[in-house]
Structure formats: structure tokens, C-alpha cells
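Presented below is the structure to which this report refers.
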Amino acid sequence: MSNSVQAAREEHWTRTDSWLFWSFGLGMLLENYIFSLSSVATQWVPMPKSLQSLLLAWSPIWLIIGIAVAGPLADRVGRKNTFYTTMALYGLGAIGLAFSNRYWLILLFLAMLLFAAGGEMNTIMAVSHEMMPHKHRGKTMMLELNFINLGGVILGLVALSTAYQHVAFQRAMIAITLLVVLIILFFARRNTPESIRWLESTGQHERARAEIEKYYGWEEYQARQEAARQATERAQAREDGQKRVGMGLKLFTTLTISFAGSAGFGLMTYVLGPHFFPKLNAAIILVATGTGFVSGFFGLWADRWSRKWLLLIGYLGSFIMTLVIWATIPAWSKSLALFWILLIVLNVFVNIGYLTEDTLKGEVWPTKRRGTYTALVRFVSIGLYIATIYITQNFGINAYTMFNALVWVIGLAGAIAWFIGGNETGKGASLDVASGET
């Protein structure tokens with residue numbers, strides 16, 4: 001048995017992997033921290049319902065603009081250069097937000113932050129699959145995505161703890177928290193390489209070799225390559241590993257599940273509060289994202305479990321629980337305790353589907369276009385979420401909840417389609433198998 005094969009079986013977790021994991025996780029944390037800001041900012045200045053809807057739609061609007069720019073940019077200039085661009089915008093936006101005491105200033109600096117957040121998350125979703133060790137690829141992706149929930153928890157805590165303070169104090173605390181995380185993120189990124197897979201796909205072989213030697217060592221990286229090769233061979237020996245999935249099914253599945261994940265979660269977490277329970281807004285964000293964070297540790301088993309089954313369970317459970325919430329409106333509208341219980345159970349299923357779909361939609365594309373295709377799916381799905389904010393702005397609670405159930409039906413259709421016709425990207429499948437590059 002060769003040394004490389006033996007090393008592949010042991011596939012080490014290196015210091016570079018730790019820096020990568022924390023940089024990706026903190027990037028995800030900032031994305032949701034910033035995305036959730038619009039919901040909190042509805043309480044900063046007096047505004048009519050129409051402007052409140054604009055502010056709630058502001059997050060997805062500028063998020064998708066950032067996604068549309070950063071996806072192709074990351075494929076063209078590299079993942080790391082894109083990260084430095086988004087971090088610079090984070091810093092400028094955070095400082096500006098602390099001094100935003102007018103509606104238009106809030107919109108301006110939120111736009112800057114959201115543009116960066118859209119690009120940041122899209123790049124992470126592409127590059128994490130490319131850079132993390134093969135046997136930890138699914139696990140690290142889901143745990144990084146779980147930092148999204150942590151970002152919401154932190155914002156909810158900051159918003160609740162400063163809710164009865166002056167608005168300027170709340171804005172300042174939110175901005176300071178963002179800057180502290182950004183400083184930590186910058187130091188983490190200084191210790192990470194460019195994506196070796198991207199460098200090699202663009203013909204930059206000498207630079208790829210230099211990055212390998214600097215951050216991993218040649219023997220360790222060869223061991224990883226061998227581990228991925230063996231996983232590909234095992235998958236090809238199984239029936240699901242031989243399945244060639246067409247572009248049509250990939251787009252249908254990723255678009256439907258991504259739309260449902262964005263709109264289904266967003267309507268019940270960020271829009272429900274301002275529209276129906278303004279005094280509970282921060283608490284709803286905290287409970288929903290807190291539930292997501294705790295339940296998100298199922299990702300520790302992501303490399304053993306079936307991605308297809310997790311997707312199906314998440315979307316089917318979210319649909320059924322939304323129907324239960326709709327059917328019990330008369331009961332929970334009189335009992336907040338029941339409302340919180342239902343919201344917690346719903347968000348367990350939502351989170352299973354959410355983490356799984358965010359993992360899937362970054363792994364099924366070829367390396368040269370991974371950033372672009374991931375951006376396309378996220379741009380369309382989040383753009384449709386914007387439409388749902390306006391469609392539902394005058395709905396009563398019954399119609400609003402039923403609309404949410406219909407959103408989950410769309411996601412369930414995508415999950416069923418992938419369960420029947422898609423290939424298995426979990427259970428130890430290599431990125432080559434998941435993306436169809438074998």
C-alpha cells in the first residue's frame with residue numbers, strides 16, 4: 001500500500017482547515033446579522049406601512065445585487081480577492097450605520113452592508129466545498145451555515161438588550177458588534193489560501209503549487225486528493241453514483257428549494273413580527289434563529305446521512321407544521337405559549353431543509369462556474385421572496401399563513417424531484433461526484 005493511500009485514510013485536519021472553517025463561519029454569521037437588521041431597523045424611525053415594506057424588502061433587494069456581482073467576480077478574479085472586497089464594504093457600512101438617524105441614511109448604509117453580505121455568503125457557499133477536507137465537506141458546510149442562525153441570535157440579543165435604550169445607542173451597539181466580528185474575520189482570512197481547485201481549473205498551476213506548499217504541505221494535499229479519488233470510485237460503484245443529472249433538474253430543484261427556504265423562513269421570521277406582532281419582533285427573530293442554531297448541530301452527521309432524505313424531511317415537515325399553525329390560529333392567538341411552541345417545532349424542520357438546500361445548491365455545479373450558477377439560483381429565488389413581501393403586506397393572519405404553506409409546497413416539489421431523479425451528494429460523496437465533474 002502506497003504512503004499516499006495510507007495518508008488518505010487518515011486525512012488530517014490541519015491548522016489551515018481551522019482558519020478556513022472559522023473564516024467561513026464568521027462570514028455566514030455576519031451575513032444573517034446584517035440581513036436581519038432591516039427587520040430591527042423598522043423601529044428606528046417613524047414610517048408608514050409602505051416604507052416599512054420597502055425597508056423589509058431592502059435586505060433581499062441588495063443581497064441579490066451583491067450575489068449577482070460577486071458570483072461571476074469570484075469565478076473571474078478568485079475567491080479570496082472577492083472576500084477582501086466584501087470585508088472592506090462591511091467596515092464602511094458598519095461605521096456609517098452607527099450615525100444613521102434618517103430613513104435614507106439607514107437605507108444607504110444597509111444597502112452597502114447587504115451588498116457585501118450577498119457576495120460574502122455566495123462565495124463561501126462555492127469555496128467551502130472546494131477547500132475543506134473531503135471527509136468533512138458536508139459537515140463543515142452545514143456547521144458554517146449554522147453560523148447564519150448564530151448571527152440572528154446575536155442580533156436578537158443585542159436588539160432585546162437595547163430595546164428600551166435610546167435608538168442611537170441600539171444602532172451603535174449593533175454597529176460595534178459587527179465591527180468586532182469583522183476584525184476577527186480579517187485576521188482569520190489572512191491565514192487562508194486561495195481555492196486550489198479554482199486555481200487549477202483556471203490554469204494557474206504554479207500558484208496552486210505554491211499555495212499547497214505554504215498552507216498544507218505537498219504530502220498532505222496529495223493524501224486529500226487520494227481520499228477524494230477513492231470516494232469517487234466508491235460512488236461510481238453504486239447505482240446512485242452513476243446517475244448523470246441534467247441541467248434542467250439541477251436548476252428546477254435548486255430554484256424551488258432555494259425560493260421556499262428564503263421565502264418560507266423569511267416570511268415567518270422577519271416579516272411576521274413587523275406586520276402582526278411588532279412588540280415581539282426581536283423575540284421572534286431570537287426564537288426562530290435560536291431554534292435553528294441548536295437544531296443545526298445535526299450537521300455533525302452530514303457526511304454520513306443522505307442529502308436527499310434530509311431535504312425531503314425538512315420540506316415535508318415545514319409544510320405540515322405550517323398547516324398546523326394555520327389550523328390552530330384561534331388557539332395560539334390567545335395563548336402566546338402555544339405560539340412559541342409551534343414556532344420552535346416549525347423552525348426545527350425549516351432548519352433541516354435550509355441547511356441541506358444551502359449545501360446542495362453550492363455543490364452540484366462545475367468548479368469554473370460554481371460561483372456563477374450558485375449566484376443565479378440565489379438571485380432568482382431571493383428575488384421572488386421580495387415579491388412575496390409585497391404580495392402579503394395586506395394579508396390577514398389566516399391568508400398570510402396559508403400563503404406560507406403554499407410556498408413550502410413549491411419547495412417540497414423540488415425536494416421530491418431531487419429525491420426521485422437527483423444523485424446522492426451526501427453519504428461521503430466526493431465533490432467530483434456531487435458536481436458531475438467525474
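The first residue of the sequence shown is numbered 1, and numbering continues consecutively from there.
- Residues that satisfy the side chain to side chain contact (heavy atoms under 4.5 Å, CB included) test with Thr256, not counting sequence neighbours, are Phe252, Ile410.
- Ring geometry for Trp332 versus Phe339: interplanar angle of 30 to 60°, hence tilted.
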- Query: side chain to side chain contact (heavy atoms under 4.5 Å, CB included) between Ile124 and Phe83: does it pass, once the steps are laid out?
  - Reply: CA-CA 9 Å; Ile124 293 170; Phe83 281 139; 3.6 Å; yes
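- Shown here are the side-chain hydrogen bond (donor to acceptor under 3.5 Å, both in side chains) partners of Glu31, two or more places apart in sequence or in another chain: there are none.
- In this structure, the side chain of Thr253 does not engage the main chain of Lys250 through any donor-acceptor pair within 3.5 Å.
- Remark: of the listed residues Phe319, Tyr315, Phe265, Tyr315 is the sole one forming a ring-ring contact (aromatic ring centres under 6.0 Å, His included) with Trp408.
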- Task: Give the intermediate values and the outcome of side chain to side chain contact (heavy atoms under 4.5 Å, CB included) for residues Phe349 and Ile320.
- Result: CA-CA 10 Å; Phe349 287 107; Ile320 292 173; over 6 Å; no
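- With sequence neighbours excluded, the residues forming a side-chain hydrogen bond (donor to acceptor under 3.5 Å, both in side chains) with Ser128 are Glu144, listed by chain and number.
- For His129 (side chain) and Thr359 (main-chain N/O), a donor-acceptor pair under 3.5 Å exists by modelled atom type.
- Minimum heavy-atom separation, Tyr215 to Arg190: OH-O, 4.3 Å.
- Residues satisfying the salt bridge (charged side-chain N to carboxylate O under 4.0 Å, His left out) criterion with Lys139, sequence neighbours excluded, are Asp303.
- Side-chain N/O atoms of Thr367 and Ser201 include no donor and acceptor closer than 3.5 Å.
- If you check the side chains of Gln204 and Glu200, you find no donor sitting under 3.5 Å from an acceptor.
- Legend: residues meeting side-chain hydrogen bond (donor to acceptor under 3.5 Å, both in side chains) with Arg369, ordered by chain and number and at least two apart, are absent.
- Considering only residues two or more places apart in sequence or on other chains, Tyr221 meets the ring pair (Phe, Tyr, Trp, His ring centres under 6.0 Å) condition with Tyr216.
- Taking the side chain to side chain contact (heavy atoms under 4.5 Å, CB included) definition, one finds that Ala188 meets it with Trp19, Ser23, sequence neighbours left out.
- Take Glu363 and apply the salt bridge (charged side-chain N to carboxylate O under 4.0 Å, His left out) test, not counting sequence neighbours, and it matches Arg137, Arg307.
- Taking each heavy atom of Asp17 and Pro133 in turn, the nearest pair found is OD2-CG, 3.5 Å.
- A donor-acceptor pair is defined here as one N or O able to donate and one able to accept, closer than 3.5 Å; no such pair exists between the side chain of Trp326 and the backbone of Ala405.
- Each salt bridge (Lys or Arg N to Asp or Glu O under 4.0 Å) pair with one or both residues in residues 337-359, not counting sequence neighbours, appears once here: Glu357-Lys361, Asp358-Lys361.
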Output side-chain donor-acceptor pairs under 3.5 Å for residues 145-155, partner residues at least two apart or in another chain, one line each.
{"from": "Asn146", "atom 1": "OD1", "to": "Asn149", "atom 2": "ND2", "distance (Å)": "2.9"}
{"from": "Asn146", "atom 1": "ND2", "to": "Phe293", "atom 2": "O", "distance (Å)": "2.9"}
{"from": "Asn149", "atom 1": "ND2", "to": "Gly292", "atom 2": "O", "distance (Å)": "3.2"}
{"from": "Asn149", "atom 1": "ND2", "to": "Asn351", "atom 2": "OD1", "distance (Å)": "2.9"}

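- A donor-acceptor contact shorter than 3.5 Å is absent between the side chain of Ser435 and the backbone of Val364.
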- Verdict with supporting geometry, Phe115 and Thr85, side chain to side chain contact (heavy atoms under 4.5 Å, CB included): CA-CA 11 Å; Phe115 179 94; Thr85 301; 5.9 Å; no
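- Across all non-hydrogen atoms, the minimal contact from Ser18 to Trp13 is OG-NE1, 2.8 Å.
- Remark: Glu206 does not engage Arg209 in a salt bridge, criterion side-chain N to carboxylate O under 4.0 Å.
- Side-chain atoms of Arg207 never come within 3.5 Å of backbone atoms of Leu199 as a donor-acceptor pair (strictly under, hydrogens ignored).
- Taking each heavy atom of Ile352 and Leu310 in turn, the nearest pair found is CG2-O, 3.4 Å.
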- Task: For side chain to side chain contact (heavy atoms under 4.5 Å, CB included), just list the numbers for Trp309 and Phe419, CA-CA rounded to whole Å, side-chain angles, deciding distance to a tenth of an Å, and then say yes or no.
- Result: CA-CA 7 Å; Trp309 272 106; Phe419 190 83; 3.5 Å; yes
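- Partners of Arg79 by salt bridge (charged side-chain N to carboxylate O under 4.0 Å, His left out), not counting sequence neighbours, listed by chain and number: Asp75, Glu130.
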- Task: Please test Ser306 against Glu424 for side-chain hydrogen bond (donor to acceptor under 3.5 Å, both in side chains), starting from the C-alpha separation and ending with a verdict.
- Result: CA-CA 7 Å; Ser306 165; Glu424 181 57 72; 2.5 Å; yes
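- Taking each heavy atom of Trp198 and Ser195 in turn, the nearest pair found is N-OG, 3.1 Å.
- The shortest heavy-atom contact between Ile64 and Ile61 is CG1-O, 3.1 Å.
- In this structure Arg304 satisfies the salt bridge (charged side-chain N to carboxylate O under 4.0 Å, His left out) test with no other residue, sequence neighbours excluded.
- Between the Arg224 side chain and the His12 main chain, a donor and an acceptor come within less than 3.5 Å of each other.
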